Undergrad: 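Sending over a structure as structure tokens; questions will come in a sec.
Keep in mind that what you see is a predicted model, and the values were worked out from it rather than measured. Position 1 is the first residue of the sequence; numbering continues from there.
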Amino acid sequence: MLWKEIWDSYKGRILGVAFGILLGFLYVWIGFWDMLFFALLVFIGYTFGRRSDAKLGSFIPWGELRQWLGDRWRLFK
């Protein structure tokens, strides 16, 4: 079925955009926010969803950061 294939391929992006739209509507409805901020929320949701679909992991390389800090300070080893 077409919708199942779309869902399986783009689940993270669909959920990310939906979440961004939901947050955007909450901010627009609760107070006056510029539409640029709404677009930013949708973009952030899409970006997280796309990274989830591609299984790219986190934006911040936590393992490399911990290694780098461990090389410089004994506290992080």
Undergrad: List the residues meeting side-chain contact (heavy atoms from CB on, under 4.5 Å) with F19, not counting sequence neighbours, and say none if there are none.
TA: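 So F19 forms a side-chain contact (heavy atoms from CB on, under 4.5 Å) with L23.
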Undergrad: I'd like to check the ring pair (Phe, Tyr, Trp, His ring centres under 6.0 Å) partners of F25; sequence neighbours left out, ordered by chain and number.
TA: F38
Undergrad: Do any side-chain atoms of residues 8-17 form donor-acceptor pairs under 3.5 angstrom with protein atoms, and if so which ones, sequence neighbours left out?
TA:
{"unit_1": "D8", "atom_1": "OD2", "unit_2": "K4", "atom_2": "NZ", "d": "3.4"}
{"unit_1": "S9", "atom_1": "OG", "unit_2": "E5", "atom_2": "O", "d": "3.0"}
{"unit_1": "R13", "atom_1": "NE", "unit_2": "D53", "atom_2": "OD2", "d": "3.2"}

